[in-house]
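Working notes, beginning with the structure itself.
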Amino acid sequence: MRLFVGLSLPPELCQRLALAAGGVPEARWVAPDSMHLTLAFIGEVDGAAANDACEALDRVWGEPFDLALHGVGTFAQGTRPNVLWAGVRDSAALMQLQERIATALRRTGIAIEERKFAPHVTLAWLKADPGPRLGAWLADHALMGSEPWTVRQFHLYSSHLGSGPAIYRIEASFDLAEDAGEADDGDFRLESDD
Ligand code: 3AM
């Protein structure tokens, strides 16, 4: 199965982000119920490695923290923009959680990329160069953002690729504990249907 670790967003925020879809040629917009913030991409693993990942994630320690969206931007493949995203306001707690997750996964032997973590919520994949309307869209949405919400969990997602848009499914959820230092007694169960 193909796995990654990420945060979900409040559903009403996803609905609001989806209102920004449109106006960029060659864009494949992400459906609101697929929006997420990737913390660590695991990739294709077998059931044993998936269970190891779950056990490692269950031991990751962290407290709930507030997060807010802020700004928009693009990633590029070479010089061609290929991802259109919403950014997040600087959050030391987010960076720390991501580092803890990446470290925990690496200890299980999963190769998490060393590239600096750039937190973002993908809004659209750009299939080809959208031309000047991309710049106009970025300018129009430069002030896009959100009120803070409290992140209380992170999730292990499976990603199902097919001919259409990828389908993401939450396989396990991990609570951030208010009582710092206490072992998390949250339970997880990884379904093995593929
Ligand atoms: O959070 P987003 O949507 O930007 O691009 C993929 C997606 O990112 C990324 O993992 C997320 C869930 O699929 N992804 C896919 N392949 C990847 C890889 N080989 C990857 N990230 C890093 N390395």
Side-chain angles (χ1 to χ4, degrees), residues 1-11 13-18 20-21 24 26-46 49-50 53-54 56-57 60 67-78 80-91 94-95 97-106 108-128 130 134 137-138 141 144-146 149 151 153-174 190-191 194:
M1 62 190 92
R2 184 180 162 91
L3 300 175
F4 67 96
V5 182
L7 302 179
S8 56
L9 310 178
L13 175 55
C14 296
Q15 294 295 340
R16 198 158 64 70
L17 290 174
V24 179
E26 306 294 345
R28 188 158 53 73
W29 296 92
V30 175
D33 58 2
S34 290
M35 290 175 183
H36 62 272
L37 189 158
T38 299
L39 296 171
F41 181 74
I42 294 176
E44 197 66 43
V45 291
D46 63 17
C54 266
L57 293 171
V60 168
L67 196 61
L69 296 188
H70 177 66
V72 290
T74 57
F75 292 141
Q77 193 166 35
R80 184 178 83 67
N82 65 342
V83 173
L84 182 57
W85 47 257
V88 300
R89 220 172 254 292
D90 283 349
S91 163
L94 175 68
M95 302 308 276
L97 177 64
Q98 192 277 337
E99 186 57 45
R100 286 178 176 155
I101 288 170
T103 302
L105 292 173
R106 282 191 194 108
T108 73
I110 293 169
I112 300 300
E113 66 179 334
E114 298 287 345
R115 200 167 44 171
K116 189 167 159 26
F117 171 53
H120 66 278
V121 176
T122 295
L123 299 179
W125 302 91
L126 305 174
K127 293 172 288 175
L134 174 61
W137 188 95
L138 291 168
H141 295 86
M144 197 158 97
S146 76
W149 75 94
V151 176
Q153 283 190 320
F154 61 93
H155 309 288
L156 180 67
Y157 288 87
S158 61
S159 163
H160 304 264
L161 305 179
S163 49
I167 295 167
Y168 304 128
R169 205 171 76 181
I170 292 179
E171 298 289 348
S173 297
F174 304 88
L190 194 59
E191 294 165 25
D194 50 2

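Both counts, for ligands and for their atoms, begin at 1 and track the order of listing.
Aromatic ring pairs are classed by plane angle as parallel below 30°, tilted from 30° to 60° and perpendicular above 60°; the pair Tyr168 and Phe4 is perpendicular.
Protein heavy atom at the shortest distance from atom 14 (N) of ligand 1 is Phe41 CD1, 3.5 Å. The protein heavy atom nearest to atom 2 (P) of ligand 1 is Thr122 OG1, 3.3 Å. Looking only at protein heavy atoms, the nearest one to atom 22 (C) of ligand 1 is Glu113 OE2, 3.3 Å.
The distance from ligand 1 to the heavy atoms of Phe4 drops below 4.0 Å at these ligand atoms: 12 (C). For ligand 1, the atoms sitting less than 4.0 Å from at least one non-hydrogen atom of Arg2 are 15 (C), 16 (N), numbered in the order shown with element in parentheses. When each atom of ligand 1 is checked for a heavy atom of His36 under 4.0 Å away, the hits are 1 (O), 2 (P), 3 (O). Ligand 1 places these atoms under 4.0 Å from at least one heavy atom of His120: 1 (O), 2 (P), 4 (O).
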_Pair Leu84-Leu134, side-chain contact (heavy atoms from CB on, under 4.5 Å): steps then yes or no_ = CA-CA 9 Å; Leu84 182 57; Leu134 174 61; 4.0 Å; yes
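More than 12 heavy atoms of other residues, nucleotides or ligands sit less than 6.0 Å from atom NE2 of His141.
Contact between Arg106 and Glu99 at its shortest, heavy atoms only, is NH1-OE2, 4.4 Å. Between Ser8 and His155 the shortest heavy-atom distance is OG-NE2, 3.1 Å.
Looking at Trp125 against ligand 1, only its side chain comes within 4.0 Å, counting heavy atoms.
In this structure, Glu171 contributes its side chain and Tyr157 its backbone to no donor-acceptor pair below 3.5 Å. Side-chain atoms of Trp137 come within 3.5 Å of backbone atoms of Ala20 as a donor-acceptor pair (strictly under, hydrogens ignored).
Evaluated by nearest non-hydrogen atom to atom 8 (O) of ligand 1, the leading choice among Leu39, Thr38, Leu123, Val83 is Thr38.
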